[in-house]
2 protein chains.
Amino acid sequence: MKEVHTYFTKWADAVALTHDGARPTIRADYPEPLWIQAVNLINDQIARGVLRPGMRIAPERELCQQLGISRVTLRKALTKLVADGVLSASHGRGWYVASTAPARRNEWPNTLESFSETAAHMGLTATSSILRAAEAASTVDEAEELQIAPGTRLFRLERVRLLDDVPIALDATRVPTTLVTGLDAVDFSHASLYEELASRGLEPARADAKVEARQATDDEAGLLALDKRTPLLVMRQLAFDAQNRPLFSSTIRYAGDRYRLKTQFVRSTAAGPTR
Amino acid sequence: MKEVHTYFTKWADAVALTHDGARPTIRADYPEPLWIQAVNLINDQIARGVLRPGMRIAPERELCQQLGISRVTLRKALTKLVADGVLSASHGRGWYVASTAPARRNEWPNTLESFSETAAHMGLTATSSILRAAEAASTVDEAEELQIAPGTRLFRLERVRLLDDVPIALDATRVPTTLVTGLDAVDFSHASLYEELASRGLEPARADAKVEARQATDDEAGLLALDKRTPLLVMRQLAFDAQNRPLFSSTIRYAGDRYRLKTQFVRSTAAGPTR
DNA sequence: AAGTGGTCTAGACCACCCC
DNA sequence: GGGTGGTCTAGACCACTTA
């Protein structure tokens, strides 16, 4: 495809990273990998206003000298910054700072967060009222979804999720006991399921989610203290670890007028998998 | 954190990629970059069943020889496959094929798709009934969202979106005329907005979305031929290009019982941006 | 101690953009 | 032609896992 748009007719001046004092603080001592230090350094410069939206930054080979790292390492950092939407590259022209005020930028591309973590980010306290926390045999549907044998025992956790004591959602989560046992001994009115799983070596890496809207039933309306006509935002989630093993499934029914889901879609680039 | 879980007590046998005929088809001629060829090759081997879920693949240094590429290039391919959830690495132990049948795996991590593209994937035909397609001055709110001066003219496109002639959603999209002009001359009852933008050099790279549920108004119910009590799934979307310039905003109101949003959340790894 | 992934380097060539 | 990003290589050292 032909590029129709031209941004500048003349070259923008490149901006060096070292405008204050000696060489920037990239140390080979190894507290953190060099490329992560480079990412943080550039993020800092943008936050500090040394690098402003739309600016062209110094060419790669020059940055390498300034930072004292190799080009391969620098490019690993730049790649990460592109993924975060902080920089963008233009082939024969240079690197440019993305044009959004960094303060308003999103934290992470598309984060899988627990309810507790989301609450913490908002400065609220997440608690739960437990409706059920027990092991039982799985149904055929549950077994298929979690890729276990039908009848395998599941830990079922059903909670009313509260933010600062206001009921927000109904959360029904199922974890196969083939992955973890002893969850029924935990008090989940304050504990976080994510943390419990993490402490047992189970780390969710991603989750597929389906979202739909429907009316609340009488039961649901009662538990969430809703007007019966209020719609629910229903999110059905299946979480996997890095090996794509299903870890747990959860259905979260949010009160339609008390919650808003946020997500970010990314346009796929290059090498889409072979079907 | 300490790793609690141990997967194997004994080493799994490594699996080579070359089980059929001569060396696999990675050619330096350059139709595609070598690392993309490697990605495709490994995806193919998994699809063909040579590599099966849970298997350990040959160590990096061995694969380099088999494929005739350098370790850096191979690792670029492996990194991509990790991002796609196809492989996972374990430090001192090796590379493992993720344990989900590849056929059931998702296409792309989290795709930004147009309605037309989504329809095509489902084998349906997307059409539109145009409610409005005209330029007008922006309101203060619209201007702020799109980062333009208030009063700047916008192209407003309002459509009923149909799949195989069934009304699915109401789509209201606004594009600043500072980015593109002449859109009011296009017949959007069949044309795709994404394609029109792409042909003018505007490529969306990502979009922030907020999703909520609410009841349909009488007007909305009428346009979508809904029972008035059916809830709507409302998605408010703001699309950006690679430089983070806002390209357009769109509000899509789906009939709650005719559509289901799918998305994927990814657990953020390493180097979270500085706040 | 040996095997493996994780990080890093110096140097090369190509493709694209602009003068 | 000169500057710039995109790709690729060979080789090195470190950290983690398993024996």
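A note on names: the letters A, B, ... follow the listed sequences, proteins ahead of strands, and every chain is numbered from 1. No experiment lies behind these values; they were computed from the predicted model shown. Only heavy atoms go into these numbers, but all of them, side chains included; no hydrogens, no water, no symmetry mates.
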### Query
At under 4.0 Å, does any side-chain N or O of A:Trp95 touch on OP1 or OP2 of D:dG5?
yes
### Query
Which of these nucleotides, C:dG5, D:dT18, D:dG6, is closest to any side-chain atom of B:Arg93?
D:dT18
### Query
Sequence neighbours excluded, which residues qualify as ring-ring contact (aromatic ring centres under 6.0 Å, His included) partners of B:Tyr194?
B:Phe248
### Task
Taking atom types as modelled, find out whether A:Gln243 and B:Ser99 have a side-chain donor-acceptor pair closer than 3.5 angstrom.
no
### Task
Could you state the atom-to-atom distance from OH of B:Tyr96 to P of D:dT17 in whole Å?
12 Å
### Message
Does the protein touch nucleotides 7-12 of chain D at the base, only the backbone, or not at all? Give it as B, S and - per nucleotide, heavy atoms under 4.0 Å.
### Response
BSBB-B
### Summary
Separation of D:dG2 atom P from A:His91 atom NE2, nearest Å, is 18 Å
### Task
Find the distance B:Arg56:CZ to D:dT17:P and express it as a whole number of Å.
14 Å
### Query
With sequence neighbours excluded, what pairs up with B:Arg174 under the side chain to side chain donor-acceptor pair (under 3.5 Å) test?
B:Glu142, B:Ser249
### Task
Only counting residues at least two apart or in another chain, list the ones meeting side chain to side chain donor-acceptor pair (under 3.5 Å) with A:Thr178.
none
#### Entry: Those residues that, when tested against A:Glu32, pass salt bridge (charged side-chain N to carboxylate O under 4.0 Å, His left out) (two or more places apart)
none
### Message
Going by the rule side chain to side chain donor-acceptor pair (under 3.5 Å), which residues pair with A:Glu195 if we only count those two or more places apart in sequence or in a different chain?
### Response
none
